[in-house]
Amino acid sequence: MAILLGSIADDYTGASDLANTLTKNGLRTVQTVGIPDPSLALPEVDAVVVSLKIRSVPASDAVAAAASAERWLRQRGAGHVLYKICSTFDSTDAGNIGPVTEALSDVAGGGIVLVTPAFPETGRTVYLGHLFVGGQPLNESPLKDHPLNPMHDANLVRVLTRQLCNAVGLIDLTTIAAGPGAVKMRLDSFRTAGVTAVIADAIFERDLETLGEVALETPVSTGASGLGLGLARALVRSGRISSGGATTADAIRPVGGLSAIVAGSCSKATLRQLDVAERSIPVLRLDPERLLAGPDEIAAAISWAGDRIFAGPVVVAASAAPETVSRLQSLYGREASGHAIETATSIIAAELVERGVRRLVVAGGETSGAAVDRLAIPAFLIGPEIAPGVPVLRTVGNAQGDMLLALKSGNFGGEDFFTAALAMMH
Ligand code: ADP
């Protein structure tokens, strides 16, 4: 199987977001969880997104993991590799975007790399090198208070310069509006001046289409799902996609088995979705303090679900309102309580799969990552969207047989998300 486009994503939900964007724009896409075992047989696809967890690890670890993933992708024919970062450019001055970009380019023989986190669909735009989140510059947006990577500078040329040895250039909107020829000329002049990375402006999808066309002629680019959209559309326009984009029906062939929902997201949207689901599906609200106290609460949850699951879907939720969450965090610490609850929800998910669940919805980004890791699912084929940004996923090479999953992060999905997801999974 030769793939046309490879991507290395710095976290799991970002990987799903990109894989979903590539699929919607005509590429048959698989998302792998880590670098797959050599024995994993992948279906015929145009693109593979390797999901890593390297956004907030030390740069040397991120570089090593990304370089191994790049090798794996190149060995499978990827002519271009996109390093998928967050559309809010999450990273500190010691962060990983610059070092990984540079390392991937070096491995591919050097050359200049286009970098843009723009994703207009979600309000991320870049103008004169400055990133805007909706109507606010990055440093005035909620990202200024991000717990891990607070962003205090909207000027991405400056941000990237602090992470790199070489100078960083800017391809401005006027050049991009003049088309791929003008962008290539500008890149050539930067190349001559020894620049190895350029921030590219983009406000509209047409800007990303131009950038995608230019990036495809280089070995490596760095960006969010917006650049993925540009690359996918450029590949489709080039006539190199044989699958014709007829991808998603295949991904939702029925798998049978039982169905369940596990929730660890405490976002406003998830809390509302749980209230709505409760009208038609039995919901077990876990007691977070008991979860932290020992295994009894997990065992009780499995027993509760095990009695009901043969009659229809069930929901098991750790999710709680902000006051309850803060109280628990002040007692046990933010990271410790979060991690312990993710472990508990992942054990519950795995036990339900053990009892015959083959259609599983998980709410919460970290909660989903923990569940997918515990279930040791090697890869997913991307199916149709349930809600914007949340596709149905079909497992590839799963030890328990084929499963359908929906992994929903934070505020995604309408209030009937859970029933809508189950209605698409048979
Ligand atoms: P989201 O996508 O909404 O951010 P995540 O799963 O990424 O959801 O994060 C939610 C975090 O909150 C997880 O670490 C989860 O374990 C934790 N959590 C879940 N329920 C509770 C609770 N009742 N109290 C405190 N933390 C909780």
Side-chain angles (χ1 to χ4, degrees), residues 10-16 33-34 51-58 61 90 145-150 260-275 277-278 282-306 309 314-355 357 360-377 400 405-412 418:
D10 68 354
D11 82 344
Y12 288 10
T13 43
S16 297
V33 182
S51 345
L52 301 178
K53 276 185 186 163
I54 58 170
R55 186 170 296 169
S56 310
V57 304
D61 295 350
D90 291 15
D145 304 315
H146 190 283
L148 294 175
N149 306 310
I261 296 162
V262 175
S265 162
C266 300
S267 72
K268 207 169 155 190
T270 304
L271 296 176
R272 175 77 189 132
Q273 288 157 353
L274 286 168
D275 287 344
E278 203 156 23
V283 176
L284 176 68
R285 310 266 181 181
L286 296 164
D287 178 336
E289 282 200 49
R290 281 176 49 88
L291 273 185
L292 292 176
D296 291 356
E297 182 73 352
I298 297 179
I302 294 163
S303 154
W304 176 90
I309 202 145
V314 296
V315 182
V316 179
S319 317
E323 319 75 74
T324 316
V325 172
S326 337
R327 204 174 57 79
L328 199 78
Q329 287 178 340
S330 63
L331 284 175
Y332 299 93
R334 179 189 295 264
E335 278 210 9
S337 55
H339 185 68
I341 295 176
E342 283 157 35
T343 304
T345 47
S346 74
I347 293 172
I348 292 168
E351 289 291 335
L352 295 179
V353 170
E354 193 64 28
R355 283 160 179 71
V357 165
L360 178 67
V361 181
V362 187
E366 294 299 325
T367 307
S368 298
V372 165
D373 279 346
R374 185 165 296 269
L375 289 167
I377 295 171
Q400 292 94 345
L405 280 91
L407 308 176
K408 182 197 88 84
S409 73
N411 279 312
F412 283 53
F418 292 128

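Summarising the geometry, atom CG belonging to Leu407 is positioned 10.5 Å from atom OG1 belonging to Thr367; distances are rounded to the nearest 0.5 Å. With rounding to the nearest 0.5 Å, the separation of CD in Glu297 from CG in Asp287 is 5.5 Å. Remark: Asp296 CG to Leu291 CG distance equals 10.5 Å, nearest 0.5 Å. Here Leu360 contributes atom CG and Leu352 contributes atom CG; the two are 7.5 Å apart, rounded to the nearest 0.5 Å. Atoms CG and OG, from Leu405 and Ser368 in turn, are 8.5 Å apart once rounded to the nearest 0.5 Å.
Across every non-hydrogen atom of Val325 and Ala320, the tightest pair is CG2-O, 3.6 Å. Heavy-atom minimum distance, Leu52 versus Gly34: CD2-CA, 4.2 Å. The two atoms that bring Leu271 and Ala321 nearest to each other are CD1-CA, 3.9 Å, heavy atoms only. Summarising the geometry of Ala263 relative to Leu274, their closest heavy-atom pair is CB-CD2, 4.1 Å, with the distance given to 0.1 Å. Among all heavy-atom pairs drawn from Arg374 and Ser346, the shortest one is NE-OG, 2.8 Å. In plain terms, the two heavy atoms of Tyr12 and Ser51 that are nearest each other are CD1-CB, 3.7 Å.
Not a single donor-acceptor pair under 3.5 Å links the side chain of Ser303 to the backbone N or O of Ala299.
Legend: side chain to side chain donor-acceptor pair (under 3.5 Å) pairs involving residues 318-331, not counting sequence neighbours, sorted by first then second residue: Glu289-Arg327.
Among Asp373, Asp11, Asp61, the single residue meeting the salt bridge (Lys or Arg N to Asp or Glu O under 4.0 Å) criterion with Lys53 is Asp373.
Taking the side chain as every heavy atom from C-beta outward, Lys408 and Val361 never approach each other to under 4.5 Å. For the pair Ile341 and Leu286, the minimum side-chain heavy-atom distance is 4.5 Å or more. Within the 4.5 Å cutoff, no side-chain heavy atoms of Leu284 are placed close to those of Val314.
Remark: the Ser265 side chain and the Thr270 side chain contain an N/O donor-acceptor pair separated by less than 3.5 Å.
Asp275 has no carboxylate O lying under 4.0 Å from a charged side-chain N of Lys268, or vice versa, which leaves the two without a salt bridge.
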- Query: Could you go step by step and tell me if Leu292 and Leu328 meet the side chain to side chain contact (heavy atoms under 4.5 Å, CB included) rule?
  - Reply: CA-CA 10 Å; Leu292 292 176; Leu328 199 78; 3.8 Å; yes
- Message: Test side chain to side chain contact (heavy atoms under 4.5 Å, CB included) on Arg355 and Ile302; report intermediate values, then the result.
- Response: CA-CA 10 Å; Arg355 283 160 179 71; Ile302 294 163; 3.4 Å; yes
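No more than 12 heavy atoms of other residues, nucleotides or ligands lie within 6.0 Å of CD in Glu354, so this atom counts as exposed by the packing criterion.
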